[in-house]
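Everything on this sheet refers to the single structure shown next.
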Amino acid sequence: TIPQITFSATASGSFTYFNNFFLDYAGISMKEALQNGWLAVIQPEQYGAASKAWEHCIETLENCYMEFQLKRKSDGMYRWHLFRATAIINQAGEVTSWVGTATDIDEQKSKEQAKDEFISIASHELKTPITTAKAYVQLLEHNLQKDDHADLIFAEKASRSIDKLNHLVGKLLDVSRIQHGQMGYNVNPFDFNKMIRDAVESVQVIDETHSIEVKGSIKKTIKGDEERLNQVMVNLLTNAIKYSPGTDKVVVTLKQEKDMIAVSVKDDGTGISKKNLNKIFNRYFREEGNGSTVKGLGIGLSIAKEIITRHGGKIWAESEPGKGSTFHFTLPI
Ligand code: ADP
């Protein structure tokens with residue numbers, strides 16, 4: 001009677017059971033359901049990817065976790081579902097069966113889409129007036145500097161605020177670029193240590209409460225998008241500071257291994273609960289109720305993950321709640 005699709009399958013992935021909720025939803029008989037399962041009512045363009053992912057789970061015994069659209073018989077609508085399945089393993093370590101669920105997440109999905117659309121339009125609309133304002137303030141700064149005018153300090157303050165605004169809008173633009181597959185990368189060899197130094201310096205200029213220590217160095221030139229990787233570092237460093245009030249140190253460690261480099265950013269801050277360690281890299285996810293009152297958009301880490309993944313690297317976090325967090329990323333040389 002639960003309002004959710006549930007099913008089971010054999011060790012090799014043949015379906016053995018579907019609950020009534022699914023049969024009613026899809027408008028098919030148990031016999032039909034057992035033949036093709038949810039693949040019978042999946043959005044046709046998603047069929048290939050879904051059956052491949054299912055086969056992959058059967059082979060590797062990894063937990064299955066995917067999203068796809070299933071056709072509802074009553075109105076012919078394809079609704080988004082979150083699908084989860086796990087292997088049941090006996091004491092001898094053999095898989096005896098699979099059990100799974102599919103939950104209707106259509107409403108959350110459309111809310112997310114509306115949010116994405118709004119962010120995309122708003123960020124594009126904001127970009128032009130900010131650029132214009134920046135240009136005029138720069139002109140003003142230049143003139144006030146020439147006359148050695150006492151009001152120069154105000155123009156400089158305005159200029160810094162515009163920079164902050166620009167940075168924020170840039171992040172929002174990145175979200176929409178990632179979604180439309182339009183995030184461009186400018187890949188060239190560059191000095192990795194210098195990129196790290198630049199990132200540390202730019203964060204240190206704004207924040208005086210923490211000192212950022214860099215341990216180790218990278219001996220080789222790295223090929224990648226320096227500006228984008230700088231953006232990842234700045235994000236990790238600002239987070240490390242933002243989420244560690246009352247402490248005064250952040251440590252960056254650089255290591256070079258045979259065919260890759262590893263970077264970590266460690267703080268002694270609020271930490272992240274274990275169940276959210278992967279989720280914090282999802283768009284708009286923010287950990288609530290960790291005692292932190294820090295505001296944010298919940299998008300920095302999702303952008304960082306996209307950038308690192310596009311460079312062929314990996315990014316992840318380790319944390320002990322209340323003691324601090326360490327963010328790691330690796331990049332192939
Ligand atoms: P934002 O900081 O704007 O919310 P991010 O995507 O950068 O967005 O981070 C997502 C979430 O991850 C944050 O809201 C916070 O809950 C958590 N987080 C990120 N970095 C840290 C850190 N160093 N320590 C504790 N929590 C962190």
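Remember, it's 1-based here, ligands and their atoms both numbered in the order they're listed.
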Note: ligand 1 atoms sitting under 4.0 Å from heavy atoms of Leu301 are 5 (P), 6 (O), 7 (O), 9 (O), 10 (C), 12 (O), 19 (C)
Would one find an N or O of Thr270, backbone or side chain, under 3.5 Å from an N or O of ligand 1? no
List every atom of ligand 1 that sits less than 4.0 Å from any heavy atom of Ile272, numbering the atoms from 1 in the order shown and giving each element. 25 (C), 26 (N), 27 (C)
Pair Phe154 and His149, ring centroids less than 6.0 Å apart: no
For Glu287, is there an ion pair with Lys279 - N to carboxylate O distance below 4.0 angstrom? no
Before we go on, tell me: are the rings of Phe22 and Tyr17 under 6.0 Å apart, centre to centre? no
N/O separation below 3.5 Å, Gly298 to ligand 1: yes
With a 4.5 Å limit on heavy-atom distance, are the side chains of Lys134 and Ser159 in contact? yes
Run the numbers for me: atoms of ligand 1, each under 4.0 Å from some heavy atom of Lys242, listed by number. 1 (P), 2 (O), 3 (O)
Applying a heavy-atom cut-off of 4.0 Å, say which part of Leu236 lies close to ligand 1: side chain, backbone, both or neither. neither
Answer yes when Asp116 and Arg283 have at least one side-chain N-carboxylate O distance shorter than 4.0 Å, and no when they do not. yes
Check: Asn63/Thr86 side-chain N/O donor and acceptor closer than 3.5 Å: yes
Are Trp38 and Phe15 close enough that their ring centers fall under 6.0 Å? yes
Once you restrict to heavy atoms under 4.0 Å, what part of Ser325 touches ligand 1? Side chain, backbone, both or neither. side chain
For Ile299, the ligand 1 atoms whose distance to one of its heavy atoms is below 4.0 Å: 6 (O), 8 (O)
Does Gly271 reach ligand 1, in the sense of a heavy atom lying below 4.0 Å from it? yes
As a check for students: among Tyr243, Phe285, Phe327, identify the option with a heavy atom nearest to atom 13 (C) of ligand 1. Tyr243
For ligand 1, the portion of Asn276 having any non-hydrogen atom under 4.0 Å away: neither
Only heavy atoms count here, so choose which of Leu297, Thr326, Asp267 is nearest to atom 3 (O) of ligand 1. Leu297
Do Ile28 and Phe18 have side-chain heavy atoms sitting under 4.5 Å apart? no
Counting only heavy atoms, tell me which of Ile303, Asn282, Ile280, Thr238 gets closest to atom 12 (O) of ligand 1. Ile280
For Ala240, counting its heavy atoms only, list the atoms of ligand 1 lying under 4.0 Å from any of them. 23 (N)
N/O to N/O below 3.5 Å, does that happen between Asn239 and ligand 1? yes
Which atoms of ligand 1 are found less than 4.0 Å from any heavy atom of Gly296? 3 (O), 4 (O)
Contacting atoms of ligand 1, where contact means under 4.0 angstrom from a heavy atom of Glu287: 14 (O), 16 (O)
Would you mind checking if Asp174 and Arg177 are paired as a salt bridge, meaning a charged N to carboxylate O distance below 4.0 Å? yes
So, taking the atom named CD1 in Ile178 and the one named CD1 in Ile307, what distance separates them when rounded to the nearest 0.5 Å? 6.5 Å
Charged N to carboxylate O below 4.0 Å: is that the case for Lys73 and Asp75? no
